[in-house]
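Shown next, in C-alpha cells, is the structure this report addresses.
Throughout, a chain's letter reflects where its sequence line sits, starting with A, and its residues are numbered from 1.
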Amino acid sequence: MSSDYEYSDDDIDYSDEDDEMMDTQEDGSASSDDDMDMDAFNEDFKVPSKAMRKTYEIEYDTLTQTAVEKAMAADIEHISGIFGVDASVASLLLRYLSWNKERLIEKYMDNASAVSISAGISPPSRSSVSSSAAPIRSHSSSTGGRSSGGLRRPTRQTPGKSRSPTPASVYPDAPSAAPKPEPFVCPICFDDSQTSFLSLSCDHQFCAGCWGAYLTSKIREEGEHSIRCMAEGCAIVAPDPFVRSALADDIPTWERFQELVVRHFVASNPSLKYCPYPSCTHTVSCPVAAHKSALTTIVPIVSCGASGTHKFCFGCPIEADHRPVICSVAKMWLKKCRDDSETANWIKSNTKECSQCQSTIEKNGGCNHMTCKKCKHEFCWVCMGPWSEHGTAWYSCNRYDEKTGVDARDAQSKSRASLERYLHYYNRWANHEQSAKLSIELYSKTEKKMEEMQVTSDLTWIEVQFMKKAVDEVEKCRTTLKWTYAMAYYLEKGNEKELFEDNQRDLERAVEDLSELLESQIDTEIISTLRQKVTDKTVYVQKRNEIMLEDTAKGFLDGRWSWNVSVEGFD
Amino acid sequence: MASISSRRLRKELTEITTQGCPVGIKLLNADNFETWLFSIEVLGETLYQGEVFKLMFRFDSQYPISSPAVQFVVDNEFQAPIHPHVYSNGHICASILGNEWSPVLSVSAVCVTLQSMLASCKVKERPQGNDQYVRYAPDNPKKTRFHYDGKHHRV
Ligand SMILES: [Zn+2]
Ligand SMILES: [Zn+2]
Ligand SMILES: [Zn+2]
Ligand SMILES: [Zn+2]
Ligand SMILES: [Zn+2]
Ligand SMILES: [Zn+2]
C-alpha cells in the first residue's frame with residue numbers, strides 16, 4: 001500500500017507525516033483505521049484498533065502445492081503409524097474414505113479386513129468370490145434377479161432352453177484354455193514380443209506396455225486418483241509405488257497423478273479450496289467458512305497468494321469479489337439477471353440519446369457525467385437526469401422510489417412496476433460492471449498521462465504512481481457498488497435499507513467524482529495540484545469503500561439485514 | 001502400424017472367423033478396424049423372441065484400453081430393443097461399456113453381455129427420460145456420462 005493513501009490524522013488534509021510509522025506495521029493492509037474521523041461514521045460504526053482485522057476481511061491462509069502435500073503426508077503418516085501399514089496402503093485407505101481420518105480409524109478398528117477389501121487393498125476372500133455377490137459394486141447387479149457376475153462375465157451362458165457352448169474363444173490364452181504350456185502372452189495386446197509383466201496383489205498379469213497405456217488413460221482422460229486393476233471385475237487398486245514404476249519415465253503423467261491425489265485431498269476437506277484460476281496450484285485454507293451456516297454472516301473472499309488477481313469466493317463458485325453481499329443473495333441475483341437478460345439487454349447498450357436534443361451519445365469512459373457534444377447538456381448516464389442535481393444532497397440517483405399503492409392497482413401496472421424496479425437496480429449493476437471494464441481502457445490512457453507527466457515534470461516514476469493507484473481504487477469500488485445494487489434489490493424497505501443506501505450514495509458519488517477527475521484534461525493542471533487532488537480523492541474513495549464494506553459486514557454479524565424474499569439461512 | 005488397437009482387433013477378428021460368434025450373434029461387417037456390425041438375437045423364451053437387432057461397435061486408437069462405443073443401429077430396417085437400459089436412438093446404458101469396462105473384455109464378450117441383458121428383461125419399456133435424452137444425445141454414446149448406480153440403470 002502506497003503511503004500516500006493511508007488515512008492521516010486530519011480528515012481534510014491528508015498528510016504524509018506518519019508514513020514511516022505506517023510502513024513498519026506488520027500487516028500493511030489493516031493499517032491506519034484509527035486515523036479515520038469519527039464524525040464521518042454513523043454511530044454504530046466502531047473504528048477497530050490497529051491490530052484488529054476488518055470485519056469484511058476474513059481469516060484464511062494460502063498454501064502452496066508443497067504445503068498441501070506436506071499436510072497430506074502428515075495424515076498418511078499418522079494413519080500408517082496407528083495401523084502399522086505402509087504409507088501407500090494408508091494413502092489408499094484415506095482416499096477410499098475421502099480423507100476422513102476419524103471415520104477411517106473407527107471403521108478400521110471395527111473391521112480392518114472389510115475396509116481393506118472395500119478400499120481395493122486386499123482381494124476378497126475365496127468364499128465371497130465364489131458367491132459372486134460382487135460386494136464392491138452393488139449397482140452392477142441386474143434387475144432380473146440373476147447374479148451380477150452373469151452380466152459382466154462373457155463366459156456365462158445365456159439363459160433359455162438352447163444352451164450355447166461356452167465361448168472359450170473369448171480367452172483363448174487363458175491358462176485353462178491352453179492345452180500345453182506356452183509362454184505367457186498378455187491377454188490385452190496379445191503382443192508376444194512383450195517380456196515384462198506386472199501385476200497387483202491380485203496376480204492378474206499384464207504386460208508393462210498395457211499397464212502404462214491404461215494408467216496414462218485413467219490419469220489423463222478420466223482424472224482418477226484410485227485406479228483399479230485391468231482385469232474384469234477386479235477391485236484391487238494400484239498403490240502409488242506401482243503407478244510410479246509402471247509409468248516408467250513418463251514423469252509428467254506421474255506428476256499429474258500426484259496432483260490428482262492432492263486435488264482429491266483438498267476437495268475432501270471442507271476448509272480447503274483449490275484456486276479456481278487456470279493452471280494455478282495454490283490452495284486456500286479457510287476454516288471459518290468451512291460450514292455452510294457461516295455463509296449467512298460472512299462473505300469469504302480470499303486470494304490464493306500466487307497472484308493478487310486470483311481473487312475468489314471460498315463459499316460459492318463466484319470467481320470474483322462479491323462483497324458486500326452474501327453468497328446466497330449474490331447467487332439469487334445472478335440467476336435473476338440470467339433469467340431476465342433479454343428484457344434488460346437494451347440497458348447494457350453503449351449508446352443512449354441525449355434527453356435534450358436526442359442526438360446519439362456513446363459512452364467510452366468509466367465516468368457517468370456525460371456532456372452532449374451537440375447541445376452541451378450535462379446529464380447522468382445512469383438515470384438520464386440532469387447532472388447539476390447529482391451534486392446536491394436531496395438528489396439520489398441510487399435510490400429507487402417505491403411507488404405506493406395508487407398506480408399499482410391492476411396486475412398490468414403491478415408487473416410493470418416490478419420490471420421498472422428491477423431495471424433500476426439492474427441498470428446500475430450493469431453500469432458499474434461496464435465501467436469497471438472501461439477502466440482498463442482508462443488505465444492505458446492513464447499510463448500515457450503518467451509518461452507525459454514524467455517528461456514534463458521532475459517527478460520520478462514512483463511519484464506518478466498515484467494515477468495507477470487511483471484507477472485501481474476506482475475499479476475496486478465499482479465492484480463493491482455493483483454488488484450493493486444486487487443487495488439493495490433484495491433488502492427489505494426501512495431504516496436499515498436507507499442507511500445502506502446512504503452509504504451506497506456516498507461511495508458512488510465519491511467514485512464518480514474521482515472518475516471524472518481521472519478523465520479530465522491534464523495539461524491545464526499543475527502537476528502537484530493534480531497529484532494532491534487525485535490523492536485526496538483516492539483516499540476519500542477508499543474510506544467510503546471501507547465504510548460501505550465494514551458497515552454491511554457488521555450488519556450481517558448483527559443480523560441487521562432483512563430481505564424482501566426468502567433467503568437461505570434467514571428466517 | 002502395429003498399434004495395440006489394430007493388433008488386438010485383428011486377433012479378435014481371426015477368432016471370430018475361425019471359431020465363429022457366440023450363438024445368436026452374426027458378424028455383418030468388419031471391413032476395417034474402426035466400425036464393426038453384428039446382428040444379435042436372443043434365443044430361448046424371452047421377451048424378444050423372433051426379434052433381430054443390429055449392433056454397431058466403433059473403436060478408437062485407444063481400444064482396448066478404452067471401451068468401444070457400442071450401440072444398437074436404428075434405421076429403415078432395424079429398431080433398438082425396447083428395454084429399460086436402451087434408448088430409442090440405440091444408445092445403451094451399461095456399466096461395462098463405461099466405468100466397469102476392462103481391457104480384458106472383447107467384442108464377443110460385450111455381445112454376450114448385451115444378449116444376457118436382454119434375456120433377463122422382465123418388462124419391455126424405455127428408460128426414464130428417453131425423449132429428453134434422445135433429443136440432446138451426442139452422436140457417440142461414449143460422450144454421455146451415464147449414472148449406472150441409479151435405480152433405472154443397473155447393468
Ligand atoms: Zn499387453
Ligand atoms: Zn486384478
Ligand atoms: Zn491462484
Ligand atoms: Zn460467495
Ligand atoms: Zn444534446
Ligand atoms: Zn443519475
Side-chain angles (χ1 to χ4, degrees), chain A residues 134 136-146 148 150-174 185-193 204 206-207 209-218 221-222 224 228-234, chain B residues 2-5 7-8 10-12 14-16 18-25 42-46 49 62-66 84-85 94-96 99-123 147-155:
Chain A
I136 316 298
R137 282 159 286 158
S138 57
H139 59 268
S140 63
S141 64
S142 80
T143 47
R146 284 165 45 83
S148 62
L151 286 176
R152 289 204 315 280
R153 206 141 297 164
T155 46
R156 284 289 173 91
Q157 287 159 12
T158 324
K161 279 173 186 162
S162 72
R163 300 185 66 91
S164 60
T166 305
S169 60
V170 170
Y171 293 124
D173 291 314
V185 176
C186 170
I188 290 169
C189 62
F190 296 102
D191 184 350
D192 45 28
S193 68
H204 293 123
F206 305 101
C207 78
C210 284
W211 269 116
Y214 173 75
L215 292 171
T216 304
S217 150
K218 287 286 174 191
E221 313 299 325
E222 292 169 50
E224 286 188 12
R228 290 196 313 236
C229 170
M230 286 194 279
E232 189 211 352
C234 180
Chain B
S3 68
I4 297 186
S5 153
R7 185 189 299 111
R8 209 351 237 269
R10 192 173 300 121
K11 171 97 182 170
E12 286 193 45
T14 308
E15 254 155 45
I16 287 169
T18 58
Q19 301 175 32
C21 289
V23 176
I25 315 277
V42 193
L43 302 171
E45 275 169 35
T46 75
Q49 212 157 21
Q62 290 294 300
Y63 180 80
I65 297 302
S66 84
H85 299 149
S95 55
I96 76 147
N99 65 346
E100 287 188 27
W101 168 256
S102 152
V104 166
L105 291 168
S106 61
V107 171
S108 295
V110 170
C111 288
V112 170
T113 303
L114 293 178
Q115 233 177 2
S116 72
M117 176 188 90
L118 293 177
S120 62
C121 180
K122 291 277 190 288
V123 187
H147 295 284
Y148 310 105
D149 45 0
K151 245 188 195 165
H152 299 275
H153 298 278
R154 288 181 299 175
V155 168

Quiz item: Which atom names give the shortest non-hydrogen contact between A/F190 and B/K11, and what distance separates them?
Solution: CD2-CE, 3.5 Å
Practice problem: Would you name the heavy atoms of B/S102 and A/A231 that are closest together and state the gap between them? | Solution: OG-C, 3.5 Å
Exercise. Could you pull out all residues at least two apart from B/E12 that satisfy side-chain contact (heavy atoms from CB on, under 4.5 Å)?
Key: B/R8, B/W36, B/Y63, B/S106, B/V107
Quiz item: Do the side chains of A/E221 and B/S66 get nearer than 4.5 Å, heavy atoms only?
Solution: no
Practice problem: Can you sort out the partners of A/D192 under side-chain contact (heavy atoms from CB on, under 4.5 Å), two or more places apart, ordered by chain and number? | Solution: A/V185
Quiz item: How close do B/L105 and A/E232 get, heavy atom to heavy atom, and via which atoms?
Solution: CD2-CD, 3.6 Å
Quiz item: Side chain, backbone, both or neither: which part of A/C210 has a heavy atom under 4.5 Å from chain B?
Solution: both
Quiz item: Would you say B/V104 and A/I188 make side-chain contact, with heavy atoms under 4.5 Å?
Solution: yes
Quiz prompt | Point-to-point distance, once rounded to the nearest 0.5 Å, from CD1 of B/I65 to SG of A/C189 | solution = 8.5 Å
Quiz item: Side chain, backbone, both or neither: which part of B/P103 has an atom under 4.5 Å from a heavy atom of chain A?
Solution: both
